Amino acid sequence: MSRHHQETVPLVERIIFNNRLIMLLIFAALTLFFGFQATQVRPVTSFEKMIPLEHPYIVSMLEHQNDMGNLGNSIRIAVAIKDGDIFSTEYMETLKRINDEVFFLPGVDRANLRSLWTPNVRWTEVTEYGFDGGPVASRPAYLTEEDLDGLRTNILKSGEIGRLVANNFKSTIIDVPLQESYPNPENQSEQISLDYGEFSRLLEEKIRNEFQDENPNISIHIVGFAKKVGDLIDGIIKVVMFFAAALLITFVLLLIFTRCLKSSLTTLVCSVIAVIWQLGLLRTMGFGLDPYSILVPFLVFAIGISHGVQIINAMAIEYAGADDAYTAARRAFRSLYIPGIVALVSDGVGFVTLLLIEIEVIRELGIAASVGVGVIILTNLMLLPILMSYIGISKRAVQRNRDLASRPQKLWQSISGFAHPAVAPISVVLAILGFAFGIYYGKNVEIGDLDPGAPELRADSRYNLDNDFIIRNYSTSSDVLVVMVSTPPEMCSAYETMEAIDQLEWRMSNLTGVQSAMSLVTVAKQVIMGNNEGSLKWQALSRNQDNLNTAISRAPDGMFNASCSLAPVMIFLNDHKADTLSRATAAVEEFAEEYNTDNITFKLAAGNAGIEAATNVVIEKSQLKMLITVYAVVILMCLVTFRSIRAVLCIIIPLALTSVLANALMAFLGIGVKVATLPVIALGVGIGVDYGIYIYSRLETYLRQGMPLQEAYYETLKTTGKAVTFTGFTLAIGVATWIFSAIKFQADMGILLTFMFLWNMFGALWLLPALARFLLRPEKMRS
C-alpha cells in the first residue's frame, strides 16, 4: 500500500485491519472474561428501587416508616376453606400452622405480623364493670363446639370482620409486613437484603403448595408487592424461550437475506457476543437484572443484528469491485463506520436520558441499554468486519448480489417513486394528517395503571385471581392511601387534632372511588360509644381530653406512634387506577392547605396507593422532559455528523411521526404511561433513528456524485434500503414474540416496540425522500 493511499485510509481502519490477529485475541479474552461474569448475573429487585425516592410523598413515608410500621411493603395471605366455614377445628389448626410457618420466613417483620393467632389481634367489649378484652385466639387449640363458639364471639367483638376475617366467614387473612433488609441469622451484625424471587418461591412451596396438597379443602390466596415481583421474576425467567425463538427466527431470516450460511452464523455469533459482554459488564459494574431491564439483552441482540446486516450487505456490494474478502471487508467498514457509530452513539446517549427519571429501575434500564449499545460498536462494527475479512461471503451469495445489481429491481423502482416530484407533496400532506391525528387522539393517553389488580400481569394470572378473591370477600381494599398526621409530641390525641382527622375521614369517605377511611378517631368513637352503654348518639368525639386519652388507649398498634406525634389515616380505595389516585391525592392536598397549622400537618403519602400516586406524578413530569432530551441528543448527533439542518429534518421528522402515532396507539389500546412503558419512548426513538441515518448517509453519497434525487434514492434502496427493510422486519418480528408473554407489561412493550420499529422503517423509506424533495438543495434534485 502506497504512502499516499495509507494517508487517505482512516486511522481507525488502519489500526483495526493492520492488527487483525491481535484484535481477535483481545476480543476472545474479553469474551471469556465477560462470559464468566455473565454466568453470575441473577434476577434481583428491591422495593426501594421501584419507587421514586426523591418525591415528597416517599420522603415523608420513609421519614415516618419506623413510627407507622411497614405500610408500603407487605403481603396478605388469605386462607380459605371450601366446604364449611372458619369455625372448625380443621381450619383453625391449619391456620395456626400456616401462621407459624410464615412467622419464620426470612424478611418477615415478626413483631407486626397479624392474624387470628397473633396476640396483637384483640377483642374489646364494655361490661357493667368497664372494658374487657383479650386476644381473639385465647386458647391453644379449638377442639370443642364451646371453644369455637367462644372464638366466634371474640371475632364479632374484634371489629376485624371485613378486614382480617371475610364477610362470609369462609376465610381469614394473615397480614405480613416485610423488611427490606434483615439481620443475618448466622451473623446478627450483617444485614441481608430481601430476595423477592426466593421469598415468592418459599411462599409457593412452603405455604400454598404444601398446605393445599395436604388438605384439598383449603385454598390459599396471596397478594402484595413482594408476591407480585416474585411472580414477575418467575415469568421473566421463562423469557429465555423468547430469546431462543428470536435467535431461530433471526437466523432463518438472515439466511433468506444473505443466502450465505457462514456470514449469517458470523453475524448471529457477534450479536450473541454483544449480549454476553453486556451482561458481563453489568455484573462487573455491580448491577443485576430486574423485571424491567431483563428485556434489554433482547434489544441488544436485535440492534446488533441490525448493524451486522449493514456490514454484511455492504461487503456483498463491495465484492463486485474487490478481489478478496479482506479488501471487501475494509471497504465495507470504511463506508459504514461513521454512520454506524453515529447511529449507535445516538442510541446510547438517548438511553442515558432515562437517568433523568427518579426511579431506580428505569435508571438501571437506561444504564443496561447504554452499555449494550456501546458494546455493539465493538462487536458488530469492529469484530464482525475482522471476522468477515477471514471468512468472506460465499461465491453463490456474491454472484446473486451481482445479478441483482445488474438488472432493474421493480420493488425498489416502485418505492423510489416516493421521491418523485408528483408523489412527494402527497406524502407530506399525509404525514401532516398523521401528525394531526396522532396529537389529537394521543391526548387521551393516561398516566399510570388503567387496570385493577397487578396490571403488569395478565388478568387471568394467579396473582390477579387472588387479588379478585380478596376484593370480593373483604370490605377493605388492598389499595390503601395513608395520610400521615404529624403533631408535636403528646398532641395526636388533642381535640383539635382529632376533629381535623374526623373531618378528613368524612370528606374522603364521600369521595368517588373511596371505600372507607380509618384512623385512631374511628377507634375513639367506638370506645366512647361503648362507655355510654353502646348508644349510637354517643358515637362522636368528646371535648373532654381525659375521655379522648382513655379512648385512644385502646387503639391497636399502628394507629399512633409511641410519642403520640404521628397518627396515620388509612383511606381504602376501590382501585389504584390513575384517575382514582389523582382524585384522592388532590382531595387530601386541598384539605391539607385548609387545615395545616403550626401544630398539625397532613402529609401524603404512604401505603401502596400513595407510592403509586407518587410514581405517577414523577412519570408525568418526566415524560415530556425525557422525550425532549432524547430528541435533542439525536438532533445534535445528526447535526454534528451531517452539518445540515435540512438533513436533520429529513431524519427526525419521520421519527417524530412514529412517536406521535405510538402515543395514539397507547390511548387506543388502553396502555397507560408507567414504569414499564415509559422507557419504550426512549428505546423506540434511539433505535429508530438508525434507519434514517443509514439511508440519508448513502443517499447523500449518491447526490454528491451528481445523481438526480429519484435515481440517487433508487441506488440507495438497492444497497442500504434493502438492509434497512430487512432489519426493520427482523427487529419487529423479534420483539413481536413478546406479545405472547405471560407478563403483560412485556406484552405491552412488545406491541409498542413492534409498531415503532415498523413505522420507523416505513417512515425512513417513505417520508424521508419526500422531505428531501422539499428540503435539500435544488442542484441535488435534478429529476
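If you're wondering where the values come from, they're calculated on a predicted model, not measured in any experiment. Positions are given from 1, in the same order as the sequence printed here.
- Two residues are said to be in side-chain contact when any heavy atoms from C-beta on lie closer than 4.5 Å; Glu63 and Met484 fail this criterion.
- Under the 3.5 Å distance criterion, the side-chain polar atoms of Tyr196 are left unmatched by any main-chain donor or acceptor of Asp231.
- Atom OH of Tyr495 has more than 12 heavy atoms from other residues, nucleotides or ligands within 6.0 Å.
- At least one side-chain heavy atom of Ile600 sits less than 4.5 Å from a side-chain heavy atom of Thr597.
- With salt bridges taken as basic N to acidic carboxylate O contacts below 4.0 Å, one links Glu594 and Arg507.
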*In sequence, state the C-alpha distance, the side-chain angles, and the governing distance for Asn608 and Lys228, and then conclude on side chain to side chain contact (heavy atoms under 4.5 Å, CB included).*
CA-CA 12 Å; Asn608 70 307; Lys228 178 175 72 174; over 6 Å; no
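- Atom NZ in Lys227 sits 5.5 Å away from atom CZ in Arg208 (nearest 0.5 Å).
- The shortest side-chain heavy-atom distance between Asp579 and Arg583 falls under the 4.5 Å cut-off.
- Checking side-chain atoms of Asp466 against main-chain N and O of Val223 turns up no donor-acceptor pair under 3.5 Å.
- Taking 4.5 Å as the limit, every side-chain heavy atom of Leu356 sits out of range of all side-chain heavy atoms of Ser622.
- Taking CG of Asp175 as the start and CG of Asn112 as the end, the distance is 9.5 Å to the nearest 0.5 Å.
- Distance alone, capped at 3.5 Å, is enough to place a donor-acceptor pair between the Asn510 side chain and the Trp506 backbone.
- With Tyr441 contributing its side chain and Leu665 its backbone, the two residues share no donor-acceptor pair below 3.5 Å.
- Looking at residues two or more places apart in sequence or on another chain, you find no side-chain hydrogen bond (donor to acceptor under 3.5 Å, both in side chains) involving Arg110.
- For Gln545 and Asn549, the side-chain atoms include at least one donor-acceptor pair closer than 3.5 Å.
- Ring geometry, Tyr595 versus Phe591: the interplanar angle falls under 30°, so the pair is classed parallel (tilted spans 30 to 60°).
- The two atoms that bring Asn596 and Phe602 nearest to each other are OD1-N, 2.8 Å, heavy atoms only.
- At least one side-chain heavy atom of Phe103 sits less than 4.5 Å from a side-chain heavy atom of Leu113.
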*Does the pair Val514 and Leu481 meet the rule for a side chain to side chain contact (heavy atoms under 4.5 Å, CB included), with working shown?*
CA-CA 10 Å; Val514 174; Leu481 176 69; over 6 Å; no
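- A donor-acceptor contact shorter than 3.5 Å is absent between the side chain of Asn616 and the backbone of Ala578.
- How far CD1 of Ile751 is from CE of Met749: 12.0 Å, rounded to the nearest 0.5 Å.
- A donor-acceptor pair under 3.5 Å is absent between the side-chain atoms of Asp575 and the main chain of Asp479, judged by distance alone.
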*Go through the steps to decide whether Leu95 and Ile174 satisfy the test side chain to side chain contact (heavy atoms under 4.5 Å, CB included), and finish with yes or no.*
CA-CA 9 Å; Leu95 181 67; Ile174 304 174; 4.0 Å; yes
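- Going from atom NE2 of His55 over to atom CE of Met61 covers 12.0 Å, rounded to the nearest 0.5 Å.
- For Ser486, the side-chain hydrogen bond (donor to acceptor under 3.5 Å, both in side chains) test picks out no residue, with sequence neighbours left out.
- With a 4.5 Å cut-off on side-chain heavy atoms, Asn574 and Thr580 do not count as touching.
- Minimum heavy-atom separation, Ala567 to Leu520: CB-CD2, 3.6 Å.
- Ion pairing of Glu204 with Arg201 is absent here, as no side-chain N (NZ or NE/NH1/NH2) approaches a carboxylate O to less than 4.0 Å.
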*Before giving the answer on side chain to side chain contact (heavy atoms under 4.5 Å, CB included), spell out for Leu194 and Gln179 the whole-Å C-alpha distance, their side-chain angles and the decisive distance to 0.1 Å.*
CA-CA 7 Å; Leu194 180 60; Gln179 299 171 308; over 6 Å; no
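- Atoms CG and CD1, from Leu365 and Ile357 in turn, are 9.5 Å apart once rounded to the nearest 0.5 Å.
- Summarising the geometry of Thr487 relative to Cys492, their closest heavy-atom pair is OG1-N, 3.3 Å, with the distance given to 0.1 Å.
- One finds the CD1 atom of Ile77 at 10.5 Å from the CD atom of Glu101 (value rounded to the nearest 0.5 Å).
- The aromatic rings of Phe469 and His221 sit parallel, their planes meeting at an angle under 30°, below the 60° perpendicular limit.
- A donor-acceptor distance shorter than 3.5 angstrom exists from the side chain of Thr522 to the backbone of Ser519, with no hydrogens or angles considered.
- Here the side chain of Arg363 pairs a donor or acceptor atom with the backbone of Leu355 at under 3.5 angstrom.
- Considering every non-hydrogen atom in both Met508 and Ala587, the closest pair reads SD-CB, 3.9 Å.
- A donor-acceptor distance shorter than 3.5 angstrom exists from the side chain of Thr615 to the backbone of Ile611, with no hydrogens or angles considered.
- Residues Pro183 and Glu190 are not in side-chain contact: their nearest non-hydrogen atoms beyond the backbone lie 4.5 Å or more apart.
- Enclosure of atom CZ in Arg543 is not indicated, since only 12 or fewer non-hydrogen atoms of other residues, nucleotides or ligands lie within 6.0 angstrom.
- For Glu590, the CD atom sits in a loose shell: 12 or fewer heavy atoms of surrounding residues, nucleotides or ligands are nearer than 6.0 Å.
- Across Gly366 and Leu354, no two heavy atoms sit closer than the pair CA-CD1, 3.5 Å.
- Residue Lys621 places its NZ atom among 12 or fewer non-hydrogen atoms of other residues, nucleotides or ligands, all under 6.0 Å distant.
- Counting all heavy atoms, side chain and backbone alike, Trp117 lies closest to Ala137 at CE3-CB, 3.8 Å.
- Put simply, the side chain of Asp748 does not reach to within 4.5 Å of the side chain of Met666, judged on heavy atoms.
- A donor-acceptor contact under 3.5 angstrom links the side chains of Asn120 and Thr118, judged on distance only.
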